[in-house]
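Structure, as C-alpha cells:
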Amino acid sequence: MGDSRRRFLKELSGLGAAAWAAPLLSGAGGAAAQTAEPGKKLGFALVGLGSLSGNQIAPALFQRTKLCRLAGLVSGHPDKAREWAKRYAVPEKNIYDYANFDQIRDNPDIDVVYVVLPNSMHAEYTIRAARAGKHVLCEKPMAVSVKECDEMIAACKAAGRQLAIGYRLHFEPNNLEMARLARERVLGAVKVIEASAGFRIGDPAQWRLNKALSGGGSLLDIGIYALQAARYIAGEEPTSVSAQVSITDPVKFKPGVDESVLFRLQFPGGAVANCSSSYATGLNRFWAGAEGGWFEVNPALNYTGIKGRLSGPQGPRDFGLPAVDHFAAEMDAFSDCILNERPTTVPGEEGRRDQRIMAAIYESAEKGSTIAL
Ligand code: NDP
C-alpha cells in the first residue's frame, strides 16, 4: 500500500475525509467524527427536485449517508414531490412548495435545508430556511453577488444556524491529496497551476443560459471548480486577476452569460494559476507544477472515476486512493459538524471568497485590465 493510500485510509476512519478537508482552505479544526447522540440522523429537506437532487443527492441520502437522511421535499411540482416521497419513504406531511416553505419551521423532522435551486434563488431560500430555524447547505455557486452572500451569512448568524456551501471536492480524496502535496511541499514549492473545468452545454432554453436565473455563465457554474482548485492548491488567496471572456455563439450566449473564460490568478507566494472555464467544450484537469516535479487530477471533477497522479524518478504514479460518494461525504461531514457543534469547513465565508473573485474576473474581462483583489 502506498503512503498516500495508507494515510488516506487512516484518516478515513470515522469521517476522516472531512477531518482531512479541514485545513484545506478555512483552517478550521477537524476532530475525529462522532455523533453527539449515537444513532441520531439529521433530517435533510431538499429544495428543488431537479437533476442534481434526483441523480446524486436523494440517492446518497437514502442509501449512503450515515449521519443524515432524506426527511423533506420542497418543489413547485406536487406530483413529482409525491412520487419522490413514495420512492424515498418521505411522509407526505413533509412535502412543501415554494409558497408554504416557511411552515417548515414547525417541522421537527427537518434539521437541515439543502438548497438545490437555480443560482439566483439560493439567497432567498437560504435566508428563509435560516429564519425558519434550520441549518443550511447551499449548492455552489453560493449566490449571484457578494451582497447576497453577505445577507445569507448574516441571516444564518442571526438565527444561530450553520451555513455550508456544496463544495463536494473538499471531500474527494484525490483533490484533498492535491492540496496536501502542495501544502507539505512534497515535490517542492508549487510554481504554476493549471486548472480547467468545462462541458458542452445543450438546450439553449435552460436556466443556466438565462442571466436572471444563473447570474452568469460557465464561470459561476463550472469554472468555479477551477477557481477552487487554484486556491486550494496554492493554499492562499490570490492578490490579482486578469481575464478574458470569449463568445463564439452570440445567439446562445446572451449578454452577461459567458461561453468561455480564461483567467489568471497571481498568488502572494509567487505561484501563478492559469484557469479555463467553458460551456463550449469538455475541460476536466487540475495540474500543479512544483520545483521538483508535477502532480495532477485528471479527470478532476467527475462524480466517479477521479484519478490523481504525481511525477517520480520511475515515471508518474497514481495516488491510488479509494473512491467516495462526494455528496454522502459532504452531507455527513456537515451533519457531523452540526451534531458536534463544530464549524463547517466549507462555510458561507468560503463561498463569498469565490464570489468576490468571480466578480473581479468579469470586471477584468470587461475593462481589459488586471484587477487587484
Ligand atoms: P435543474 O434545472 O436540474 O434543477 C433545478 C430545480 O430547481 C428544478 O427541477 C425545479 O425543481 C427548481 N426550480 C425552481 N424554480 C425554477 C426555475 N425558475 N427554473 C428552473 N428550475 C427551477 O438544476 P441542477 O439540479 O442541475 O442545479 C441546481 C443547483 O445545483 C445549481 O445551483 C447548480 O449550480 C448546482 N449543481 C451543483 C453540482 C455539484 O456538483 N455540486 C452539479 C450540478 C448542479 P422543482 O420542479 O422541484 O420545483
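Whatever order the structure lists them in is the order used to number ligands and atoms, beginning at 1.
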Handout entry: Connected via hydrophobic side-chain network under 4.5 Å: I371 and I357
Key = yes
Exercise for the section: Answer with yes or no whether the hydrophobic clustering places I95 together with Y88; edges join I, L, V, M, F, W, Y residues whose side-chain heavy atoms lie under 4.5 Å apart. Expected result: no
Practice task
Considering only non-hydrogen protein atoms, determine which one is nearest to atom 11 (O) of ligand 1 and report residue, atom name and distance to 0.1 Å.
Solution key: L49 N, 3.2 Å
Practice task
Following the transitive rule for hydrophobic clusters with a side-chain heavy-atom cut-off under 4.5 Å over Ile, Leu, Val, Met, Phe, Trp and Tyr, establish whether V146 and L163 coincide in one cluster.
Solution key: no
Practice task
Please confirm whether Q56 comes under 4.0 Å of ligand 1, counting heavy atoms of the residue only.
Solution key: no
Exercise for the section: Give the numbers and elements of all ligand 1 atoms closer than 4.0 Å to a heavy atom of R208. Expected result: 23 (O), 24 (P), 26 (O), 27 (O), 33 (C), 43 (C), 44 (C)
Handout entry: ligand 1 atoms in contact with H122 (distance to a heavy atom under 4.0 Å)
Key = 32 (O)
Exercise for the section: Using non-hydrogen atoms of the residue, decide whether M121 is closer than 4.0 angstrom to ligand 1. Expected result: yes
Exercise for the section: Please determine which of T344, V112, L137 meets the side-chain contact (heavy atoms from CB on, under 4.5 Å) test together with I338. Expected result: V112
Handout entry: Heavy-atom pair with the smallest gap, counting every atom of L301 and N284
Key = N-OD1, 3.0 Å
Problem - For ligand 1, the portion of Y167 having any non-hydrogen atom under 4.0 Å away - result: neither
Practice task
Taking only heavy atoms of S75 into account, list the atoms of ligand 1 that are under 4.0 Å away from them.
Solution key: 45 (P), 46 (O), 47 (O), 48 (O)
Practice task
Please confirm whether P118 comes within less than 3.5 Å of ligand 1 when only nitrogen or oxygen atoms on both sides are compared.
Solution key: no
Exercise for the section: Do me a favour and list the nearest non-hydrogen protein atom to atom 28 (C) of ligand 1 with residue, atom name and distance? Expected result: V116 O, 3.5 Å
Exercise for the section: May I ask you to decide if the ring planes of Y232 and F286 are parallel, tilted or perpendicular, using 30° and 60° as cut-offs? Expected result: perpendicular
Fill in the blank from the handout: the protein heavy atom lying closest to atom 4 (O) of ligand 1 turns out to be G50 CA, 3.2 Å
Handout entry: Heavy-atom closest pair, residues S278 and I222
Key = O-CG2, 3.8 Å
Exercise for the section: Kindly compute the distance separating CG (L265) from SG (C275), expressed to the nearest 0.5 Å. Expected result: 5.0 Å
Handout entry: Heavy atom of the protein closest to atom 34 (O) of ligand 1 (residue, atom name, distance)
Key = K140 O, 2.8 Å
Practice task
Name the closest protein heavy atom to atom 36 (N) of ligand 1, giving the residue it belongs to and the distance to 0.1 Å.
Solution key: L52 CD2, 3.5 Å
Handout entry: Distance-only donor-acceptor check, side chains E139 and Y114, under 3.5 Å
Key = yes
Exercise for the section: Would you check if the side chain of E172 reaches a backbone N or O of A329 as a donor-acceptor pair within less than 3.5 Å? Expected result: no
Completion exercise
With heavy atoms and a 4.0 Å threshold, my read on which part of W84 contacts ligand 1 is neither
Practice task
For atom 1 (P) of ligand 1, grab the closest protein heavy atom and report residue, atom and distance to one decimal in Å.
Solution key: W207 NE1, 3.7 Å
Handout entry: Among T281, V261, L262, side-chain contact (heavy atoms from CB on, under 4.5 Å) partner for S276
Key = L262
Practice task
Answer yes or no for Y303: is there a heavy-atom contact with ligand 1 below 4.0 Å?
Solution key: yes
Handout entry: No-hydrogen, no-angle side-chain donor-acceptor test under 3.5 Å, Y279 and D221
Key = yes
Problem - Within 6.0 Å of CZ in R131, more than 12 heavy atoms from elsewhere - result: no
Completion exercise
For G76, the ligand 1 atoms with a heavy-atom partner under 4.0 Å come out as 45 (P), 47 (O), 48 (O)
Exercise for the section: Could you tell me whether some N/O pair between P141 and ligand 1 is separated by less than 3.5 angstrom? Expected result: no
Practice task
Give a yes or no on whether the ring-centroid distance for Y303 and F327 is below 6.0 angstrom.
Solution key: yes
Exercise for the section: Just jot down the ligand 1 atoms closer than 4.0 angstrom to any heavy atom of R168, in number order. Expected result: 39 (C), 40 (O), 41 (N)
Handout entry: Nitrogen or oxygen of Y98 less than 3.5 angstrom from that of ligand 1
Key = yes
Problem - Identity and distance of the protein heavy atom lying nearest atom 3 (O) of ligand 1 - result: S51 N, 2.7 Å
Practice task
Say whether Y225 and ligand 1 are in contact under the criterion: heavy-atom distance to a ligand atom below 4.0 Å.
Solution key: yes
Problem - For D221, the ligand 1 atoms whose distance to one of its heavy atoms is below 4.0 Å - result: 34 (O)
Problem - Nearest non-hydrogen protein atom, atom 37 (C) of ligand 1 - result: E139 OE1, 3.1 Å
